[in-house]
Structure formats: C-alpha cells, structure tokens
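Heads up, the thing below is written out as structure tokens.
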Number of protein chains: 2
Amino acid sequence: MPATIRDVANRAGVSVATVSRLLNGTGRVGPDAAARVQAAIAALGFRPNGMGRSLKSRRSRLIGVMIPSLGNPVFADAVAGIEAEARAAGFTLLFGVSNYDAAEERRAVEALLAYRVDGMILTVAAPATSPALDSLDQAGLPHVLIYNQPAPTRAVPTVTVDNVAAGRAVALHMVALGHRRLGMITGALGGSDRAAARLAGFLDGARASGLTRPCVHEVDFEAPDPDAALTAFASGPDGLPTALFCSNDWLAIATIGALTRRGLSVPGDVSVFGFDGIALGAHLNPPLATVVQPSRAMGGIAARHLIALMSADGGRPAPGSVPGHHLLPFTLRPAGSTGPVCFTRPSPIVAPVETTGNAAKQAPAASPVADLDLSTRTS
Amino acid sequence: MPATIRDVANRAGVSVATVSRLLNGTGRVGPDAAARVQAAIAALGFRPNGMGRSLKSRRSRLIGVMIPSLGNPVFADAVAGIEAEARAAGFTLLFGVSNYDAAEERRAVEALLAYRVDGMILTVAAPATSPALDSLDQAGLPHVLIYNQPAPTRAVPTVTVDNVAAGRAVALHMVALGHRRLGMITGALGGSDRAAARLAGFLDGARASGLTRPCVHEVDFEAPDPDAALTAFASGPDGLPTALFCSNDWLAIATIGALTRRGLSVPGDVSVFGFDGIALGAHLNPPLATVVQPSRAMGGIAARHLIALMSADGGRPAPGSVPGHHLLPFTLRPAGSTGPVCFTRPSPIVAPVETTGNAAKQAPAASPVADLDLSTRTS
DNA sequence: TTGAAAGCGCTAACAG
DNA sequence: CTGTTAGCGCTTTCAA
C-alpha cells in the first residue's frame, strides 16, 4: 500500500491540511513544518494519489486524446506535439483509438469521459454526425478537433489546414506539369471528412482547368489495396491517369509500390502526389511529392488552445483567447514522385493546358501540345 | 455537473448500493428495481465516475504506457497492439513519452504512478540502471518491458526479440553476400540497450567471419545526422564500408537518403540493412532490407502478460501464467537495399568468404575472390 | 434482494 | 500559520 497524505501528516506531526497546502503551494506553511513534511514525504516515498485529488478538486489534470489510428505516422506526430505541450502544462494523456469508425469513436470517448478528463483533443470521421461529439457537447467538456474540417453545424474549435484549397492546389500543380488525365485514390470517404474535402478541392481544381472529372477510387484505410484501384482505373474508359492524387502519404507510398510492381515508373509513367508530409516521405526514392501539413505543431496548438479553454471554463467564454478555428498553412512539396507529363504513351489531349502563373514557376511546364517525344524518356 | 450514482438511486427510488450492484454485476438485483435503475441511468446520461470507482476499489483499470518516442513508427505499432488488447480487457491507456532519456523516464513513470495505474508497459534506455524501474519495483507495480534486453540484474518480464542473435545474423548475411568491410550506424548506445545488443551481435558475427572490427558511429535518435557518420567513415582508414547496418529502420532510411544525396547508389555502392521491419520499409525503392520484429504482436503479448500479472497480483505469483521473458522470433528480410558486394571500387580483400549454408541460399553469393567485373554494374 | 454506513485519499472552507 | 471537518463518487461489508 502506497503511503497516504495521512501517513505523511502523522510522521511529520502536522495535520493533513498542512501537507496538502505544501503539496499544492496553496497557503503559507512554516519553515520548520515544511521541512518535517518534506522529510516525511521523502522517507515514505509518498506520491499524492491523483484519483483522490481529482475527486475532491474536480479537475483531473488529464487530457483525453482520440485518433483514428496509430498506423499512420501523421497521427503519431500530432500526438507527440500534444504530449509535449500537455506535459509542460502538467497534464497527462489518456489515450484512445477509433479505427476510423463512428461507433468506436463513441466507445473510446465514453471511456475517456469516464475518467473525467478535463478536456479532449480528437479527430473524428465526420464532425457533423459524430455521436462522440454529441457526448462531448452534452457533457459540456472542452474539446478541440484536429485534422477535421470545421463543421458548420457544430461550434467546435478545430485546428487544421484548408484541405479543399490544398486539394485544388494539387490539381492545378498537376495541370501545370502538363497532366490532363488526373485520378485520385482516397481512403474511405465515410471515415474521413478531410479526405472528402481534399477530393472536393481536387475535383474543383480539375474542373477549373477545363478537364473532365477525374476518376476516383476509394480504398480501405486499414488495409489499403491500391492495386485494385489501379486495375479499376486501367479498365476504365480513359485508362490509367498520368497523375494520381492520394488522400494521404501512407496511401501514396502503397500506391507507388503497386505501380512499381506493375513495371510502371514513378514519375516517368505516373506521377503520384500524397498528403500529410510525413517525415519518411522525404527519404523515399523518389522523394514523395506531398502537401505538407504541420502535424506536430497542429497537436501543440490544439493542446495550448484546449488548455486555454479549460481555464476559461470556470467563467464566461474568456476574453479573446477562445476563438474558433485555427487554419494552419500548408505547403506543396513538389518532390520527385511527381513530374511533367510523359508523352510516350497515347494520351487523349483535349485542350491546351492553361498554366497558372505561379505553378508554372515550379517546373518548366511541358510545351502545351507537344507531341510524342520518344527520344529522351524511355521509362 | 455529471449525474452521480446518488442521482440515479434517487430517481429510481433505490439505494446507491443497488445501483452499484447492477453496474458491476455483483450481487442480485430484482427485475423491477433493475428496470427502474436502467431507466434512470439512461434518462440522466449517467456515466460512472472512474475516479471514485478507482479510489474505493483500489483498481483503476488503467494501464500505463511509456515509450521513448512516437517519431519512430515501431513504437507506435507496439502501442497499437497494446491498445487493442487492453481495450478488449476493459482497460484504458495512460500515456507518456521519455525521449530516450533516463530522467524523463522517471518523470513520466511518476506521472503515471500518480494516477495509480494497475500496471505498466514500457521501454527504457537501460533496464539495469533505470530509475524508472526502481520506482516501479518499489511501488510493487506489475510491469513488463518491451524491446528492452532482459536485464540479468532485475527480474522484470520482458517481451522482445534476441537482438544479439539478430545483429549476428545481419553480419553473417552481409558476409555471405561477399562484403568484407562492414560498418554500423547506431542510435546513442546510452539511450538504447537494444541498439547496444544489436551492435554486440553484429561485431560478434563479423569477428566469427574473420573480419576486422567494423567501424561504428553513433548518432542522435531524435535528429539523426547520418551524413556526419558517413563522412567519419569515409575519412577513416578503410574508407566507406560496402555494407552498413543501422540500428533501426528510421536511421536506415535516413542513411539511404544521405548516401543517395552523395551520389552513391544503394545497394550498388553500399548495402544498407535496417532493424524493426516498419511497414513503410517494404514500400521504399529499393525495399529496405531489415530485421523484422513483430511489433504489434509484441505490444499485444505484453498487454496480455501484464493483465495476467495484475490478476495474479492478489495472490501468489500465479500458477504457470507468470513466466519471465518472451523471446519472439525475428526474421531477416533481405530486400533490395542490400545486395552482393560490388567490386567496382577498390576493396581490401583479406580472406576468402566463408558462406554459411543458410544465408547462401538467400542470394547467390558473389564468387569469393572474383576480381573486378566492371561490365555489368556501373554505379 | 435491498439499504445503511463506512470509508478510499485528497482538497477546501472555516476556525483558531 | 495551523488544525478540524466535510465531503468528492463510488464500492463494499454488514444487517435486515
């Protein structure tokens, strides 16, 4: 049995109140008493019981964290950011995983709620309809979303990037490189509102560039099978796209693997663009072209924001420190896995490429309707 | 204010004891009373307070998890395994990170201990001298180590692979491929007993093969700088090794990047072997040769073992269910990043290669002292 | 089958 | 500056 505050008090010849005061720095304690208490604490190896403390003070100093999966490093990065910030503020993390599933989200949130976390940081499948968020709202527990799209129907602080704009930027970038047949491989849209937003932006970008609607294929998050998607693409009317946008890096890497196994070169035959900017991507060969979002910072900002929210909780919504959403900047990393369109394969050129001034700078866009140039590229 | 068990009891017209009994399935409850209680629980949205529950029952149903870092996917994988198993058994995870630092380990463990976790799963820098383990021992808290080497001086259950044997196997494999100048890039040995064990095995394998002691360079875990290590190798007496063993995949990937940036090809100029078998490695180009350890299973097994330990806690060390160490099997994945030695560069051949029967099967070992063959390989 | 009552370890008034 | 005391929400004897 661990020592209790009472044991310490007895040994030091003071009351438990004195020990408590010393422990929490609340109220003055005489130097001699303090010394005796310190000695007793050390001698007994006393460690204040967080449970008792939380029960009485009604603050657990626990932050709940729930993410869809630990398999995708992007979430691990965010958790690392949360952990660092939370620890610095004296909070400990209670952790749950949802596997991209709404029912599991609810279960996980209930579990964290049971321990009376002071607040929660999470990513849900779909904020608008999330039962987990319903629980949180009903409990009146401060919480902030990360990665999710800000839900118009629900006023919950969200730290994220503009996924729609990012998706659009990817499409424009591809077009600027001369690609006309774009495609997207996305994780299950029902399990990820951000994937849906990226898709929406991507389609919009393609449309704005005068392209027909890119083909889209969904794959499972947990056991993605890009090969099936590639087969589906290939057997479609337009054949395999020359540029593929994947809804996350994890998927993009699997896709590159599947392409390579088919004997296709990246970016020679097919360009691949990912999303997230996980650290490993930069080390790949070729380096993974991707939309970089500041995951660790995202976690850190969410934590700071949540902590502010929790302190403000006792009063009115706080002066100006409790805004709505944090839209963090993303950057395009147009690395090796994406390049100018290759004309060695028959590709139905429909209209001249309209390069946007900015993207044109990134890479010398392939001359608009240049025809087959078999000399230099041979796959 | 969340509803309490008292609120439920009042609303249902029963005593709190009855509610508690229904909640925990301990003791019989009349059907009518049960129905009224259920109704009250639903109506009030009652969620039993884990703090109060833990305080009284002296069991928190919390499992503490502490790992060195979330940046390396191998730990995230293990946590995923722990989480799945823990959840299935009704436990929630309390989470901490140590950054490969003994002092931080202690701090993290103290934090988890404060919440009276029922048990703990962790990876420490050095089990023999870990103050964190001292705390755990002193508190009498069940715990199991993962990834760590079983410490002879401390009787703590450990789930891991045989790092020494694995390191040795890597060396033998390299030798079988004709490599004579081996090298190792390792994370700080003081922060990782397993890295030290891998090194020991590797050196032993090299020695057993009649090679001189391979060069070794340590790099930082958090911000590894393989380039500095490469420079150090290159300026050494033997020059750059033809085969490099990295103490983990993360490092191996960074090393491949650094080599490529120097214009060296992998495995053409230098073979690289990693350790861990993180999923991403298989998708690299070339695929990462590595020692695969079953991380997720490791986490799961550790969790199951811990849970058994915790149940047994109330009595004697339990019948046969509380053994010491679990040594899980590892497998070599001799993928693309490691290949036969390349003879286009001057390499001091010292003695004929003695191939071990087994490894020879993996790849057609380069003919022992074949001389320069510039025709086929050109970088 | 049910209820009354005694705390688990701690904090926070309130007296002194 | 210090001690007394009343719970926080819950489980668990012990009687009824």
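A quick note: this is a predicted structure, and the numbers were derived from the prediction, not measured. Sequence lines set the chain letters: A, B, ... in the order given, protein chains first and strands last, and positions in each chain run from 1.
Backbone-only engagement by Thr4(B) is indicated by non-hydrogen atom pairs under 4.0 Å involving sugar-phosphate atoms exclusively.
Here the shortest heavy-atom pairing between Leu306(B) and Gly119(B) reads CD2-C, 3.8 Å. Considering all non-hydrogen atoms of both residues, Arg61(A) and Gly90(A) come closest at NE-O, 3.4 Å. Closest non-hydrogen pair, Glu105(A) versus Ser98(A), comes out as CG-CB, 3.5 Å. Nearest heavy atoms, Thr92(A) versus Ala111(B): OG1-CB, 4.1 Å.
Distance Asp7(A) CG to dC10(C) C1': 13 Å, rounded to the nearest Å. Whole-Å rounding puts the Ile41(B) CD1 to dG9(D) P distance at 16 Å. Leu55(B) has its CG atom 11 Å from the P atom of dT11(D), to the nearest Å. In this structure, the CZ atom of Arg58(A) is 13 Å from the C1' atom of dC10(D), given to the nearest Å. The distance from atom CG of Leu44(B) to atom P of dG9(D) is 13 Å, rounded to the nearest whole Å. If you measure from atom CG of Leu23(B) to atom C1' of dG9(D), you get 12 Å, rounded to the nearest angstrom. Across the protein-nucleic acid pair, Asn24(A) atom CG and dG9(C) atom P stand 17 Å apart, rounded to whole Å. Between Asn10(B) atom CG and dA4(C) atom P there is a gap of 11 Å when expressed in whole angstrom units.
Side-chain atoms of Lys56(A) and base atoms of dG9(C) include no donor and acceptor less than 3.5 Å apart.
At dG9(D), none of the side-chain N or O atoms of Arg53(B) fall inside 4.0 Å of OP1 or OP2 (strictly under the cut-off). The side chain of Asn49(A) contributes no N or O atom lying less than 4.0 Å from OP1 or OP2 of dC8(C).
Atom OG1 of residue Thr158(A) and atom CG of residue Asn148(A) lie 6.5 Å apart, to the nearest 0.5 angstrom.
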Any chance you could lay out the side chain to side chain donor-acceptor pair (under 3.5 Å) test for Glu110(B) and Ser135(B), step after step, and finish with the verdict?
-> CA-CA 8 Å; Glu110(B) 293 293 333; Ser135(B) 288; 2.8 Å; yes
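When each of Thr26(A) and Pro2(A) is assigned the nucleotide of DNA chain C bearing its nearest heavy atom, the one mapping closer to the 5' terminus is Pro2(A).
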Protein N or O to nucleotides 1-3 of chain C N or O, pairs below 3.5 Å:
residue: dT1(C); atom: O3'; partner: Gly30(B); partner atom: N; Å: 3.3
residue: dT2(C); atom: OP2; partner: Gly30(B); partner atom: N; Å: 2.3
residue: dG3(C); atom: OP2; partner: Ser15(B); partner atom: N; Å: 2.8
residue: dG3(C); atom: OP2; partner: Ser15(B); partner atom: OG; Å: 3.2
residue: dG3(C); atom: OP2; partner: Thr18(B); partner atom: OG1; Å: 2.7
residue: dG3(C); atom: N7; partner: Arg21(B); partner atom: NH2; Å: 2.8
residue: dG3(C); atom: O6; partner: Arg21(B); partner atom: NH1; Å: 3.1

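The side-chain contact (heavy atoms from CB on, under 4.5 Å) test with Leu122(A) is passed by exactly one of Val65(A), Val109(A), Ile67(A): Val109(A).
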